[in-house]
Protein chains: 4
Amino acid sequence: MASNTFGKLFAVTTFGESHGPAIGCVVDGCPPGLPLAAEDFRADLDRRATGRSRHTSQRRETDEVEILSGVYEGRTTGTPIALLIRNTDARSKDYSAIAGQFRPGHADYTYWQKYGIRDPRGGGRSSARETTMRVAAGVIAKRWLAERHGVRVRGYLSQLGELRPQGVDLDVVEGNPFFWPCEAQVPQLETYMDALRKSGDSVGARVDVVADGLPPGWGEPIYGKLDGELAAALMSINAVKGVEIGDGFASVTQKGSEHRDLMGAAGFESNHAGGILGGISTGQPLHCSVAFKPTSSLRLPADTLDIHGNAVEVITTGRHDPCVGIRATPICEAMVALVLMDQALRHRAQCGDVGEITPRVPGGKPDPKR
Amino acid sequence: MASNTFGKLFAVTTFGESHGPAIGCVVDGCPPGLPLAAEDFRADLDRRATGRSRHTSQRRETDEVEILSGVYEGRTTGTPIALLIRNTDARSKDYSAIAGQFRPGHADYTYWQKYGIRDPRGGGRSSARETTMRVAAGVIAKRWLAERHGVRVRGYLSQLGELRPQGVDLDVVEGNPFFWPCEAQVPQLETYMDALRKSGDSVGARVDVVADGLPPGWGEPIYGKLDGELAAALMSINAVKGVEIGDGFASVTQKGSEHRDLMGAAGFESNHAGGILGGISTGQPLHCSVAFKPTSSLRLPADTLDIHGNAVEVITTGRHDPCVGIRATPICEAMVALVLMDQALRHRAQCGDVGEITPRVPGGKPDPKR
Amino acid sequence: MASNTFGKLFAVTTFGESHGPAIGCVVDGCPPGLPLAAEDFRADLDRRATGRSRHTSQRRETDEVEILSGVYEGRTTGTPIALLIRNTDARSKDYSAIAGQFRPGHADYTYWQKYGIRDPRGGGRSSARETTMRVAAGVIAKRWLAERHGVRVRGYLSQLGELRPQGVDLDVVEGNPFFWPCEAQVPQLETYMDALRKSGDSVGARVDVVADGLPPGWGEPIYGKLDGELAAALMSINAVKGVEIGDGFASVTQKGSEHRDLMGAAGFESNHAGGILGGISTGQPLHCSVAFKPTSSLRLPADTLDIHGNAVEVITTGRHDPCVGIRATPICEAMVALVLMDQALRHRAQCGDVGEITPRVPGGKPDPKR
Amino acid sequence: MASNTFGKLFAVTTFGESHGPAIGCVVDGCPPGLPLAAEDFRADLDRRATGRSRHTSQRRETDEVEILSGVYEGRTTGTPIALLIRNTDARSKDYSAIAGQFRPGHADYTYWQKYGIRDPRGGGRSSARETTMRVAAGVIAKRWLAERHGVRVRGYLSQLGELRPQGVDLDVVEGNPFFWPCEAQVPQLETYMDALRKSGDSVGARVDVVADGLPPGWGEPIYGKLDGELAAALMSINAVKGVEIGDGFASVTQKGSEHRDLMGAAGFESNHAGGILGGISTGQPLHCSVAFKPTSSLRLPADTLDIHGNAVEVITTGRHDPCVGIRATPICEAMVALVLMDQALRHRAQCGDVGEITPRVPGGKPDPKR
């Protein structure tokens with residue numbers, strides 16, 4: 001355990017460096033009988049992939065997932081599911097120039113300090129390339145959550161630099177390369193990104209994820225709270241600097257009479273909490289937000305040090321996203337799905353699928369699929 | 001494992017309900033030879049305790065910690081350290097009226113949904129009373145971090161409703177009941193809190209924690225990142241709705257040229273990252289911020305449901321904080337200390353105390369205490 | 001985590017030294033709604049207790065269990081159950097003489113080597129006193145297994161030195177102080193033990209545990225196999241030197257045609273496997289055996305070293321069992337119960353209580369209680 | 001987590017079915033800087049491989065290990081090491097006949113019961129094929145243990161049916177296909193095995209493993225004892241039915257005066273304990289024994305059931321070992337090495353590499369390499 005495994009009962013172990021032979025993961029704990037095939041990973045991997053539009057890195061990822069184990073005759077068997085993706089378009093030469101330098105804002109320096117050795121090719125293990133396997137594992141979790149519990153996990157870009165959506169329509173998110181929830185603003189975003197790219201600079205972003213269909217009761221107090229695990233999952237994504245649940249930091253200036261969600265005969269009357277109370281799902285839609293820092297890999301020169309301690313100037317060529325937040329949307333969805341599935345299995349372990357508990361309140365009817 | 005344990009190598013398991021016979025914890029994994037006595041817990045427990053001033057809950061906590069195991073002749077032995085605090089001032093009658101009701105903004109409803117049974121006395125397990133043991137365990141972590149690595153963990157209130165510090169001086173924080181870093185504003189805060197208390201309402205707050213003295217290299221990629229575990233630790237505190245590392249959500253509107261921290265001969269020239277890159281400590285001061293929602297327990301009446309699904313009106317008498325964020329400061333410090341100590345042990349496990357790694361850059365000198 | 005926790009989903013963390021203020025445990029992960037009261041622990045603690053007869057240690061343990069948390073109005077709530085037992089009859093003076101010496105066959109030397117410090121009072125943490133809490137936690141597991149799955153776990157002494165049972169009748173086991181399954185031999189055992197006690201020496205023993213009522217399907221390949229976890233659980237008991245499942249070491253000289261259990265229309269026709277195949281329960285009775293070494297604490301003098309490296313002679317006064325295996329019977333039962341309950345919850349997590357799986361073979365009918 | 005991961009800090013996750021596309025593992029937690037190359041796995045994989053002599057399965061395994069990650073320029077980087085072996089000589093047709101039948105003594109029935117679905121090809125996940133990756137991971141652990149601590153782990157066949165070694169010389173073990181420690185008996189073993197093979201039957205075996213060079217202090221009481229984890233590790237190997245530490249079951253008939261190991265000025269004077277006291281290494285050689293049942297796959301017909309519950313007769317063709325214990329020797333070594341490495345890292349985490357502990361007794365000199 002050097003922390004390359006995520007989840008307790010639905011445990012995903014990822015491996016691989018950006019420019020090594022391959023990246024992959026082992027998904028341990030998937031219930032048996034779930035339909036699964038290699039092509040099922042295509043859609044989400046494409047959503048995350050670079051090169052979808054001129055607004056993201058031009059590095060072409062044509063990732064083919066190979067299922068190495070855990071699936072027999074199209075269904076999961078309950079044994080570990082190993083997924084493999086060979087690294088193809090890895091231009092190591094792009095990085096040779098900076099092999100001995102610490103790129104500002106990158107993990108080069110800290111890996112060097114921690115391990116005394118590092119793989120400099122494309123960031124090695126610290127590259128966002130690793131998140132490809134999170135998305136792949138997330139595909140399995142999303143399917144199980146949908147089939148067994150009717151849970152749907154959807155993300156969107158909720159801020160790009162200063163730009164905010166003038167409205168949120170989840171149905172238009174997949175219709176543009178920015179995962180933007182307001183169609184009318186898409187041309188504006190394209191202009192913004194073109195200018196940004198020309199400037200050689202980058203910008204931060206905010207991503208929101210909404211999950212609906214959750215039954216009440218998921219989440220384990222005290223140190224396995226649903227919101228606590230979502231925070232860990234989302235903060236573990238490259239470039240994330242902040243996480244909010246429900247009203248998040250806006251709660252700081254709120255009054256209690258304003259924030260607390262009242263209940264009426266029909267159930268909750270508002271959702272400032274974001275669908276979680278005491279670390280356990282309320283049955284309302286789950287809502288969280290994530291802050292992404294701007295990419296540190298810029299064409300603009302920067303002062304840094306080399307591994308010998310000499311002050312040098314570094315220029316990052318290579319093919320980078322002017323806004324990493326955009327492609328991060330499916331990654332955020334995947335992490336939320338991984339947390340929800342793990343919590344669903346943990347809830348089932350302690351409280352059972354059915355019967356032991358008989359809720360007696362509105363919205364408390366046991367989910368028939370449970 | 002129903003998630004009442006925090007940490008992997010320095011593992012803290014807490015137990016106890018707000019109005020049960022006692023609360024306590026078992027600290028497993030503390031290195032042997034650390035000096036420890038019951039009175040060592042006094043200072044931090046008092047900082048967290050209610051009844052310190054008229055601005056916090058008037059419930060009097062006079063918590064006496066008993067060390068049940070793991071210490072012999074004043075030193076830790078390497079065996080589990082069990083700490084016990086008997087619950088004394090527990091006025092269960094205060095809660096009898098609402099035993100059958102779901103208090104808005106509380107975990108009553110979700111515990112009921114999850115377990116089909118709950119202890120209604122003062123919130124039972126979901127009460128912030130549990131955080132007393134986090135503070136107690138944090139005392140052990142703080143001491144080890146200080147003695148062995150010279151690490152110092154300090155928190156302060158960085159926002160109270162709309163009020164922000166006009167300056168940050170960590171040396172004045174302990175001199176006022178608000179953990180406020182700007183002495184001149186203290187009278188203003190007192191006026192604000194008096195008015196708030198009279199109104200019967202509550203307000204949110206922000207708490208910042210700074211840790212200095214960290215060596216570079218702490219934190220485990222990919223799913224045990226230092227920032228990821230801090231996010232989980234802080235989000236697990238009652239009433240927390242958001243967590244930021246370094247610039248946090250401000251990064252969303254920043255340019256990469258502005259955010260990335262350059263390095264010069266003397267090391268890093270800024271700290272937008274908050275002391276963490278790639279999930280590993282840089283050796284700079286660690287900086288994180290936490291958002292607390294306003295207390296939901298108000299004298300103001302609220303619509304809710306009872307366990308039979310009937311719409312009812314609830315009024316919370318009892319003795320509650322108009323701003324839970326204030327007393328949360330030492331709790332946030334404790335969680336940061338628990339994360340740091342756990343990561344320190346994990347780093348030592350994989351990379352060794354000395355020798356295996358020879359850093360070669362400024363600020364890279366191995367900590368002599370390592 | 002310094003390994004004082006047993007189990008993954010039904011996690012038992014024990015603490016306490018033999019002569020410290022108290023011993024206790026935290027049981028995390030117990031399903032909600034299970035009836036539980038302090039007096040429920042009495043029977044099994046008495047079975048394990050010293051001083052039941054002249055054949056076991058005369059140290060009087062009158063252990064009163066206090067439930068500190070996790071139970072409300074007589075039922076478990078799903079929150080951690082903390083159990084506490086104060087140490088009363090602790091004659092530390094008995095041990096003062098050997099505080100600086102390493103008792104042969106004891107953990108004195110290894111604790112000293114590992115931690116550089118140790119609590120010498122009665123063996124401190126390494127004392128079998130710790131097993132009291134295993135028995136207490138086992139009571140909870142036994143009850144849940146019985147109520148929810150109809151599983152019954154029973155142990156007996158299957159060998160005392162050279163003495164073997166002339167027959168095995170589980171119904172007579174509780175009728176004699178040796179947990180011996182053959183009533184006719186009890187007088188012979190008493191004579192044997194009296195002579196042994198007079199000689200000042202001790203002897204080894206073998207304990208068998210049988211569990212019936214298990215459904216097929218419990219146990220997690222590959223590294224969480226039911227037999228693997230039973231081996232760990234039983235080997236972790238003080239003085240255990242060997243563990244067998246089913247035919248155990250007798251399998252070494254068997255032929256495959258003899259060992260493999262054939263199946264007929266009625267199901268399995270034999271049980272050489274001991275109820276486990278591929279690490280998963282078959283639905284047949286579970287059968288395991290444990291070897292206990294003879295107590296090392298003897299009145300007979302022994303050569304050893306003191307903590308300064310001087311050769312010295314040690315004589316253990318104090319009150320010790322001439323055969324620790326006898327009282328170990330309920331401890332072995334408890335450990336088997338803890339493993340089974342943990343596996344039951346893990347199976348439920350991955351495979352569900354019902355529905356996802358429809359067995360189609362004899363004995364494959366889903367247990368109605370599942 | 002469905003238990004396909006072994007170890008806490010040196011964590012090995014294996015995946016793959018006997019006749020799936022590939023088998024592999026992810027080794028997480030290996031310290032950085034350890035030299036490692038694909039060819040390093042050759043020797044131990046050959047020792048375990050089938051087809052080495054006419055006395056083991058004739059299925060030809062020509063396993064080529066590919067290192068997918070975690071190694072850069074010939075050294076481990078501290079990131080997860082993924083190892084992959086493609087399955088080549090997989091004759092699925094051999095198994096088609098029994099796809100719908102439960103082979104006696106195999107996991108077919110229990111996997112079916114647990115998961116409601118199974119991969120029948122060559123036993124699928126339950127095949128001993130999985131142990132290939134244990135041996136591969138063990139190569140890494142053995143190397144680190146040898147380089148850093150001078151620990152050497154060696155196994156041998158200590159019983160084949162009724163045949164026992166007339167002497168134990170570890171230097172001759174690698175000189176014969178049986179890992180037999182007494183050269184003179186090798187012809188006798190060949191005759192025995194030829195007759196056994198002709199008979200179409202199989203036989204059990206015992207394997208011993210000795211590890212020397214251990215420092216005192218490895219092992220974590222109470223539930224992470226060195227002997228407890230060895231028992232779990234060894235019992236988890238296919239076909240194992242018993243585990244002993246030191247004198248094991250022989251302790252049952254021993255007197256305390258005979259079993260306890262006395263100490264003199266030179267240290268311990270005997271080693272009945274097998275190098276472990278209180279779950280912690282004494283610094284003496286570690287000694288454990290394992291019982292293997294006879295293979296259940298025989299040419300001899302057997303009564304069983306098919307998945308529809310019909311009584312049928314099964315004959316296992318295919319290529320099986322008449323004595324699985326022989327090739328299990330390197331597997332046992334690997335599991336012991338995995339346990340030792342994990343415990344070494346865990347000890348380092350809690351007690352440090354150096355300094356915190358200053359042993360003061362013979363044999364207590366800190367290992368200079370620590």
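Note that the structure is a prediction, hence the values are computed from the model and not measured. Computed over heavy atoms, backbone and side chain alike; hydrogens, waters and symmetry mates excluded. Every chain is numbered from 1, with letters handed out A, B, ... down the list of sequences.
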Working for side-chain contact (heavy atoms from CB on, under 4.5 Å), residues B:Val26 and C:Val26 | CA-CA 8 Å; B:Val26 182; C:Val26 182; 4.0 Å; yes
Rounded to the nearest 0.5 Å, what's the gap from [atom1] on [X] to [atom2] on [Y]? Could you check?
{"X": "C:Thr76", "Y": "B:Ile117", "atom1": "OG1", "atom2": "CD1", "value": "6.5 Å"}
{"X": "C:Tyr111", "Y": "B:Thr79", "atom1": "OH", "atom2": "OG1", "value": "7.5 Å"}
{"X": "C:Arg86", "Y": "B:Leu68", "atom1": "CZ", "atom2": "CG", "value": "5.5 Å"}

Measure distances from C:Leu84 to the heavy atoms of chain B and classify the residue's part below 4.5 Å as side chain, backbone, both or neither.
->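 Side chain of C:Leu84 only, per the 4.5 Å heavy-atom cut-off to chain B.
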Over all heavy atoms of both residues, which pair between [X] and [Y] is shortest? Give the atoms and the distance, please.
{"X": "B:Glu17", "Y": "C:Gly70", "answer": "OE1-N, 3.0 Å"}
{"X": "B:Asp28", "Y": "C:Thr5", "answer": "OD2-N, 4.4 Å"}
{"X": "C:Tyr115", "Y": "B:Thr77", "answer": "CG-O, 3.3 Å"}

Given the options B:Ile23, B:Thr13, B:Asp119, which has more heavy-atom pairs under 4.5 Å with chain C than any of the others?
->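 Of the options given, most contacts go to B:Asp119.
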Note, C:Pro80 side chain near B:Arg125 side chain (heavy atom, < 4.5 Å) = yes
Is B:Arg121 salt-bridged to C:Glu73, going by a charged N under 4.0 Å from an acidic O?
->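 Answer for the salt bridge query: no.
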Who among C:Ala82, C:Gly33, C:Gly24 has the most heavy-atom pairs with chain B under 4.5 Å?
->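 Maximum pair count with chain B is reached by C:Ala82.
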